[in-house]
Number of protein chains: 2
Amino acid sequence: MQRVSLTELAKRLNLSPSTVSRALADHNEVSEATKQRVRQLARELNYQPNQLAAALRRGRSGTLGVLVPHITGHFFPQVVHGIATEASRAGFTVMICQSNEDAQQERRNIELLRHNQVEGILVSLANTTQDISHFEELRQQGVPLVFFDRVVEDFRGTNVSAVVLDDYQGAYQVVAHLVAQGCRRIAHFSGPLHLSIHKNRHQGYRDALLAHNLPVDEDLIVFCPQTQAGGAEAMQQLLRTLPAPPDAVFASNDLAAVGAMRVAKQAGLRVPEDLAVAGFSNETFTTLTEPNLTTVDQGCETMGISAVRLLVQMLHTTAEQRKPQPRNVVLKPQLLVRESSLRKPRD
Amino acid sequence: MQRVSLTELAKRLNLSPSTVSRALADHNEVSEATKQRVRQLARELNYQPNQLAAALRRGRSGTLGVLVPHITGHFFPQVVHGIATEASRAGFTVMICQSNEDAQQERRNIELLRHNQVEGILVSLANTTQDISHFEELRQQGVPLVFFDRVVEDFRGTNVSAVVLDDYQGAYQVVAHLVAQGCRRIAHFSGPLHLSIHKNRHQGYRDALLAHNLPVDEDLIVFCPQTQAGGAEAMQQLLRTLPAPPDAVFASNDLAAVGAMRVAKQAGLRVPEDLAVAGFSNETFTTLTEPNLTTVDQGCETMGISAVRLLVQMLHTTAEQRKPQPRNVVLKPQLLVRESSLRKPRD
DNA sequence: CTGAAAGCGCTAACAA
DNA sequence: TTGTTAGCGCTTTCAG
């Protein structure tokens with residue numbers, strides 16, 4: 001069984017290629033009888049339309065480019081899953097590239113996507129990216145662009161869209177919850193503040209304390225690697241240094257929270273009675289710790305979906321000759337209260 | 001700055017499109033001087049080659065199709081990561097689709113990939129797929145095809161390649177290790193045997209026992225959902241039913257192992273002293289449990305890489321007019337001994 | 001070393 | 001309702 005082209009079908013049916021094309025596209029200018037004939041033969045010969053040719057001719061590839069730092073861990077696979085699902089729903093295919101957190105690869109992949117004529121690009125920045133000229137170029141040339149999670153702050157208010165999570169809000173909610181549970185000396189394990197996620201969570205922590213008339217005690221704030229070991233280390237430090245241990249720990253991510261929890265338990269503290277613990281991200285393992293870890297869900301999949309919707313919107317508006325309508329979406333995170341911070345019965 | 005085509009470049013340089021094309025492809029039949037001129041102007045005008053057109057002309061898209069059940073959880077993201085990385089290394093781009101475990105979507109996506117002229121397809125079956133006619137068709141038409149992890153058994157020995165993990169071997173190793181640790185009454189928590197992963201692990205368990213002159217006690221084999229709850233349930237059942245608890249549990253996956261471990265600890269058994277525990281898959285959380293869980297690493301990324309290599313090989317051999325050379329690769333899993341099963345000091 | 005010509009497979013004016 | 005024509009942007013014979 002050979003590959004047949006549309007032209008081939010046309011010949012066999014004594015029709016012109018255009019008619020066949022229209023028939024297959026179900027144009028209403030074609031007689032029902034002809035459509036039947038065409039479809040029948042197409043099925044018989046197992047005709048496979050060549051999307052490349054159609055895309056070339058139309059000037060529209062029907063493909064969206066996706067550029068993520070990597071497809072590992074918890075967050076990005078989920079987002080990519082959301083992107084792929086929503087793109088498919090909107091009738092697009094996706095071409096996915098990884099920058100491997102490398103600015104060079106990021107540049108190359110952007111090129112690659114362009115050469116493949118993607119209609120728009122969804123990007124989360126590599127963490128080594130300083131020079132953003134490659135994105136600036138895309139922006140100027142009007143390539144529809146949506147950043148998600150790791151965004152270029154400078155592009156706010158330009159013809160570029162973005163989807164981010166409200167980390168500040170998430171952290172604020174955690175602390176408010178801990179206060180409601182009766183905690184008064186809430187420690188915070190933060191990552192480096194040059195990363196916006198940690199900066200925002202840190203700020204949310206501070207503001208929530210102040211809003212509840214609690215002092216911000218700098219001794220309760222520890223900067224540490226956001227890993228299990230880092231969290232463990234930080235907890236040990238607090239237990240060693242302070243006259244009395246804190247009554248809660250809010251870590252900027254789940255791994256650090258687990259580390260803290262483990263050390264606390266080894267030190268004889270009961271969780272949550274003596275020490276309430278909360279993390280951030282809703283990693284899979286948060287329902288496997290003992291006790292289960294209170295955390296903040298980021299709605300990763302929703303982020304992917306929103307990003308695609310934004311992009312598709314932009315594509316429509318540009319197609320209608322109007323200016324593309326960039327927008328910034330800030331997703332609300334969801335506090336998940338679990339055993340590790342629950343001292344009082346739920347309402 | 002408008003989009004410029006190769007033809008446009010040619011006009012501006014008073015050259016023919018063919019020469020420009022050759023210059024950009026760095027053919028050695030073009031004078032160095034001309035190459036310079038072409039490259040210079042291309043850069044100045046920010047020329048972006050149209051891959052679609054090139055692909056159409058060449059009859060080679062440079063794209064590989066990937067079809068996975070989903071991009072969530074632990075396993076598939078890792079494999080996809082491996083695929084994307086290796087494909088990029090081999091000069092291909094990837095088009096990724098999800099079947100969402102649905103046979104219908106699987107069929108549609110296969111179509112989609114074909115229409116996009118992918119040069120070959122990497123597939124892991126949806127678990128609802130019974131009718132495999134869509135793959136049979138690909139096979140007959142000579143579309144290069146590589147299955148990974150969830151394969152079509154019927155295709156063994158045909159012009160289709162496959163990459164699978166040696167589950168049997170992995171299970172065997174686990175049990176051999178447990179025996180070496182002094183365990184004699186090793187329980188096994190298995191999933192449904194119609195899934196090959198569980199069937200093979202189960203068989204590995206049995207054979208390893210026999211090989212070490214231990215009896216296979218059917219009372220120690222429990223079929224349960226391979227979830228934390230399932231594992232917990234199974235453990236409770238054993239503790240309730242048996243006159244004496246087993247001295248080890250090997251669960252067919254990590255979640256079930258965690259459930260078993262938790263119940264055992266609650267029942268006052270020490271892990272690993274009274275009960276050694278081992279799982280399968282090397283999920284992220286296995287280094288977060290207390291104690292850390294002994295498990296089997298599947299080399300997910302390696303699987304992706306192998307699959308791509310196999311496909312690329314097939315592409316080469318077909319290109320050289322020779323018959324494609326399908327191969328079956330069986331990856332060796334790696335036993336990771338951790339605290340949950342370690343009773344004796346390491347060698 | 002360079003150019004002319006043809007065409008990959010499809011779609012979309014414009015005609016009939 | 002159907003056909004004619006042209007061409008998307010590129011590569012690749014084949015000639016010069």
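Sequence lines set the chain letters: A, B, ... in the order given, protein chains first and strands last, and positions in each chain run from 1. If you're wondering where the values come from, they're calculated on a predicted model, not measured in any experiment.
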Colleague: Could you state the interatomic distance from CG (L311(A)) to CD (E119(A)), rounded to the nearest 0.5 Å?
Modeller: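 One finds 9.0 Å between CG of L311(A) and CD of E119(A).
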Colleague: Please determine if K11(A) and E8(A) form a salt bridge, counting it only when a charged side-chain N lies under 4.0 Å from a carboxylate O.
Modeller: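 A salt bridge is absent here (no side-chain N lies under 4.0 Å from a carboxylate O).
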Colleague: Under the ring-ring contact (aromatic ring centres under 6.0 Å, His included) rule, collect the residues that match up with F135(A), sequence neighbours excluded.
Modeller: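 Expected list: F147(A).
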Colleague: Apply side chain to side chain contact (heavy atoms under 4.5 Å, CB included) to D131(B) and list each qualifying residue two or more places apart in sequence or on a separate chain.
Modeller: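 Here the qualifying residues are R107(B), S133(B).
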Colleague: For T302(B), enumerate each residue passing the side chain to side chain contact (heavy atoms under 4.5 Å, CB included) test, keeping only those at least two apart in sequence or located in another chain.
Modeller: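 Result, side chain to side chain contact (heavy atoms under 4.5 Å, CB included) vs T302(B): S306(B), L331(B).
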Colleague: Let me check the geometry of the helix from dC1(C)-dG16(D) to dA16(C)-dT1(D). What is the bend angle between the axes at its two ends, five pairs each, to 10°?
Modeller: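 Computed from the C1' atoms at both ends, the axes differ by 40°.
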Colleague: For F148(A) and V329(A): C-alpha separation, side-chain torsions, deciding distance, then whether side-chain contact (heavy atoms from CB on, under 4.5 Å) applies.
Modeller: CA-CA 9 Å; F148(A) 59 92; V329(A) 170; over 6 Å; no
Colleague: Would E44(B) and Q40(B) satisfy side chain to side chain donor-acceptor pair (under 3.5 Å), going step by step from the backbone distance to the final call?
Modeller: CA-CA 6 Å; E44(B) 274 174 23; Q40(B) 161 116 28; 2.9 Å; yes
Colleague: Who passes ring-ring contact (aromatic ring centres under 6.0 Å, His included) against H70(A), sequence neighbours left out?
Modeller: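 H70(A): ring-ring contact (aromatic ring centres under 6.0 Å, His included) contacts with F76(A).
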Colleague: What residues form a side chain to side chain donor-acceptor pair (under 3.5 Å) with E137(B), not counting sequence neighbours?
Modeller: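 Partners of E137(B) by the side chain to side chain donor-acceptor pair (under 3.5 Å) criterion come out as none, since no residue qualifies.
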Colleague: Show your reasoning for whether side-chain contact (heavy atoms from CB on, under 4.5 Å) applies to Q48(A) and E111(B).
Modeller: CA-CA 8 Å; Q48(A) 305 285 349; E111(B) 291 278 278; 3.9 Å; yes
Colleague: At a heavy-atom distance below 4.0 Å, what parts of residues 31-43 of chain B sit against DNA chain C?
Modeller: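 By residue number: S31(B), T34(B).
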Colleague: Would you jot down, in residue-number order, the residues of residues 110-120 of chain A having a non-hydrogen atom under 4.0 Å from DNA chain D?
Modeller: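 Residues of residues 110-120 of chain A under 4.0 Å from DNA chain D: none.
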Colleague: Quick check for you: to the nearest 0.5 Å, what is the distance between Q313(A) atom CD and L310(A) atom CG?
Modeller: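 Those atoms lie 6.0 Å apart.
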Colleague: Quick one: side chain to side chain contact (heavy atoms under 4.5 Å, CB included) partners of R309(A), sequence neighbours excluded?
Modeller: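 Listed in chain order: E86(A), R89(A), I305(A).
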Colleague: For each nucleotide in nucleotides 9-16 of chain C, reading 5' to 3', give B when a protein heavy atom comes within less than 4.0 Å of its base, S when such contact involves only the sugar-phosphate, and - otherwise.
Modeller: BBBBB---
Colleague: Using whole Å, report how far CZ of R60(B) lies from C1' of dT12(D).
Modeller: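 It is 15 Å, rounded to the nearest whole Å.
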Colleague: Would you compute the distance between atom NE2 of H134(B) and atom CD of E106(B) and round it to the nearest 0.5 angstrom?
Modeller: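 The CD atom of E106(B) is 4.0 Å from NE2 of H134(B), to the nearest 0.5 Å.
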Colleague: For DNA chain C, which residues in residues 9-16 of chain B have a heavy atom at a distance below 4.0 Å?
Modeller: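 Within residues 9-16 of chain B, the residues near DNA chain C are N14(B), L15(B), S16(B).
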Colleague: Let me confirm one number: the SG-CD1 distance from C97(B) to I71(B), rounded to the nearest 0.5 Å.
Modeller: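 Reported value, rounded in 0.5 Å steps: 9.0 Å.
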Colleague: How would you list, by chain and number, every residue that makes a side chain to side chain contact (heavy atoms under 4.5 Å, CB included) with Q130(B), sequence neighbours excluded?
Modeller: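 Q130(B): no side chain to side chain contact (heavy atoms under 4.5 Å, CB included) contacts found.
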